Student: 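Structure below; questions to follow.
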Amino acid sequence: MFFHRSLLLGVSTFAVVPLLVLAASPPWERGGRHTELFVAGSADDASLRTRIAALSPTVSPDEARRVAYAAYMTGLELRREWRVVWLPGLQNLLVNMGARKGGLCFQWATELLVRLDALKLQTLELHWAESFANTSGEHNVIVVTARGQAFEKGILLDNWRYSGHLVWTHLAMDPEYHWTENKSELARRLGRARDVVSKQVRSTMKSN
């Protein structure tokens with residue numbers, strides 16, 4: 001994503017908005033809940049673990065725990081690596097200027113997808129979700145469902161919206177976006193990631 005609709009105005013008017021307004025506490029410092037959005041408080045966030053496990057009786061509680069952990073840690077680690085700032089729109093601007101290595105929403109989603117795929121989940125399934133597709137306001141997240149469950153029943157995992165702090169909610173409860181699934185994009189991004197790993201393995205074998 002290049003700019004979140006509600007953040008584009010913040011970027012375009014940055015020079016005239018009082019600094020006190022821009023310095024206001026970001027959402028994760030004002031409490032865990034923002035309308036129907038939730039912010040994971042730790043890598044072992046009990047609410048997130050419970051909600052993932054509750055997707056279906058077939059879901060492994062251990063897999064729910066590992067997904068919650070990986071999603072939280074992805075945000076934490078990349079926030080440091082990419083030197084992420086608040087607002088997300090400002091991070092987008094810095095990335096597009098070449099001043100930051102990463103931080104666009106599809107980069108967050110791709111990194112999370114690769115890490116979750118590496119867990120080799122048996123009772124949970126991953127989905128690539130998009131909103132405002134093919135527009136300047138496009139946003140991408142990863143959605144997790146029980147294996148074989150409908151996409152619309154899933155829980156979204158979003159590291160971009162709060163600048164690396166993990167946001168989650170039931171897909172239909174998101175107050176800002178309407179989500180659709182893109183299966184081909186999921187396959188394309190996983191395929192590219194696996195190709196990279198395969199090339200790295202072959203390179204290592206040759207060097208040995």
Side-chain angles (χ1 to χ4, degrees), residues 1-7 10 26-49 51-52 63-96 100-119 121 124-133 137-145 154-171 173-177 179 181-182 185-186 189-190 192-193:
M1 164 176 182
F2 294 100
F3 289 99
H4 181 301
R5 283 186 170 186
S6 64
L7 297 178
W28 59 86
E29 295 179 359
R30 299 198 296 267
R33 182 168 181 172
H34 176 64
T35 61
E36 296 299 332
L37 298 179
F38 301 87
V39 182
S42 72
D44 190 38
D45 189 271
S47 295
L48 178 55
R49 286 191 288 106
R51 291 297 183 92
I52 295 174
E63 286 197 354
R65 178 190 61 79
R66 289 193 289 142
V67 166
Y69 179 89
Y72 181 89
M73 293 305 296
T74 295
L76 179 64
E77 293 166 4
L78 292 179
R79 191 166 77 239
R80 294 170 178 167
E81 179 182 341
W82 291 340
R83 296 181 293 136
V84 174
V85 301
W86 175 257
L87 301 156
L90 293 180
Q91 181 72 14
N92 288 359
L93 181 63
L94 292 172
V95 173
N96 291 326
R100 291 292 190 275
K101 180 180 178 181
L104 304 179
C105 71
F106 73 86
Q107 294 172 317
W108 287 108
T110 300
E111 290 287 342
L112 178 56
L113 175 63
V114 170
R115 297 181 189 206
L116 293 180
D117 180 64
L119 299 179
L121 302 169
L124 291 167
E125 190 170 356
L126 305 174
H127 308 260
W128 182 272
E130 56 190 23
S131 184
F132 301 115
E138 180 171 346
H139 188 19
N140 308 115
V141 298
I142 301 304
V143 171
V144 60
T145 66
I155 293 173
L156 70 87
L157 303 170
D158 186 355
N159 290 122
W160 176 84
R161 199 177 319 194
Y162 283 178
S163 300
H165 297 264
L166 177 62
V167 173
W168 64 274
T169 190
H170 284 283
L171 200 66
M173 302 298 286
D174 192 332
E176 298 179 350
Y177 295 96
W179 298 101
E181 183 176 14
N182 191 328
E185 191 65 17
L186 178 85
R189 291 188 178 274
L190 284 178
R192 289 179 60 182

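Just so you know, these numbers come straight off a predicted model, no measurement behind them.
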Student: If you round to the nearest 0.5 Å, how far is CD1 of Ile155 from CG of Leu124?
Tutor: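 Those atoms lie 9.0 Å apart.
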Student: Just wondering, do Leu166 and Val39 contact through their side chains at under 4.5 Å, heavy atoms?
Tutor: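 The answer is no; the side chains never approach within 4.5 Å.
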Student: Just so I know, are the side chains of Leu37 and Pro175 near enough to count as touching, which here means a heavy-atom distance under 4.5 Å?
Tutor: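 The answer is yes; the side chains approach within 4.5 Å.
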Student: Quick one: pull up CZ in Arg161 and OH in Tyr177 and give me the separation to the nearest 0.5 Å.
Tutor: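 Result: 5.5 Å between the selected atoms.
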Student: Name all residues meeting the side chain to side chain contact (heavy atoms under 4.5 Å, CB included) criterion together with Asn182; count only those two or more places apart in sequence or in a different chain, and write none if there are none.
Tutor: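 Residues passing side chain to side chain contact (heavy atoms under 4.5 Å, CB included) with Asn182: Trp128, Glu130, Ser184, Glu185.
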Student: Any chance you could measure Leu157, atom CG, to Leu116, atom CG, to the nearest 0.5 Å?
Tutor: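 Answer rounded to 0.5 Å: 7.0 Å.
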Student: Residues in salt bridge (Lys or Arg N to Asp or Glu O under 4.0 Å) with Asp45, at least two apart?
Tutor: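 Partners of Asp45 by the salt bridge (Lys or Arg N to Asp or Glu O under 4.0 Å) criterion come out as none, since no residue qualifies.
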Student: Identify the two heavy atoms, one from Trp86 and one from Ser163, that lie closest to each other, and give their separation to 0.1 Å.
Tutor: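 Smallest interatomic distance, heavy atoms only, reads CE3-OG, 3.2 Å.
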Student: To the nearest 0.5 Å, what is the distance between CG (Leu78) and NZ (Lys101)?
Tutor: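 Between atom CG of Leu78 and atom NZ of Lys101 there are 9.5 Å.
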Student: For Gly103, is there any backbone N or O sitting under 3.5 Å from a side-chain donor or acceptor partner on Gln107?
Tutor: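 Looks like yes, one N/O pair under 3.5 Å.
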Student: State whether the side chain of Asn159 and the backbone N or O of Ala71 hold a donor-acceptor pair below 3.5 Å, judged by distance alone.
Tutor: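 Yes: the side chain of Asn159 pairs with the backbone of Ala71.
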Student: Do NZ/NE/NH1/NH2 and the carboxylate oxygens of Arg49 and Glu63 come within less than 4.0 Å?
Tutor: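 No, no charged N to carboxylate O under 4.0 Å.
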Student: What's the separation between atom NE2 in His139 and atom CZ in Phe106, rounded to the nearest 0.5 Å?
Tutor: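 With rounding to 0.5 Å, NE2 (His139) is 13.0 Å from CZ (Phe106).
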Student: Please answer whether the main-chain N or O of Asp174 pairs with a side-chain N or O of Thr169 as donor and acceptor at a distance below 3.5 Å.
Tutor: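 Between the backbone of Asp174 and the side chain of Thr169 there is no qualifying donor-acceptor contact (under 3.5 Å).
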Student: Between the main-chain N or O of Gln91 and the side-chain N or O of Arg100, is there a donor-acceptor pair closer than 3.5 Å?
Tutor: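 Looks like no, no N/O pair under 3.5 Å.
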Student: Describe, in one word, how the ring planes of Phe38 and Trp168 are oriented to each other, choosing from parallel (under 30°), tilted (30 to 60°) and perpendicular (over 60°).
Tutor: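 Because their plane-to-plane angle is under 30°, the rings of Phe38 and Trp168 count as parallel.
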Student: Checking salt bridge (Lys or Arg N to Asp or Glu O under 4.0 Å) for the pair Arg115/Glu77: CA distance, chi angles, key distance, verdict?
Tutor: CA-CA 12 Å; Arg115 297 181 189 206; Glu77 293 166 4; 2.6 Å; yes
Student: Determine whether more than 12 heavy atoms belonging to other residues, nucleotides or ligands lie under 6.0 Å from atom CE of Met173.
Tutor: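 Counting neighbours around CE of Met173, 12 or fewer heavy atoms of other residues, nucleotides or ligands fall under 6.0 Å, so no.
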Student: Going from OG1 on Thr74 to CD1 on Ile142, what distance comes out if it is rounded to the nearest 0.5 angstrom?
Tutor: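 CD1 of Ile142 is found 10.0 Å from OG1 of Thr74.
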Student: Looking only at side chains, do Trp160 and Asn92 share a donor and an acceptor under 3.5 Å apart?
Tutor: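 Present: a donor and an acceptor within the cut-off.
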Student: To check you understand the geometry: which heavy-atom pair defines the closest contact between Thr145 and Gly154, and what is its length?
Tutor: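 Taking every non-hydrogen atom into account, CG2-CA, 3.5 Å.
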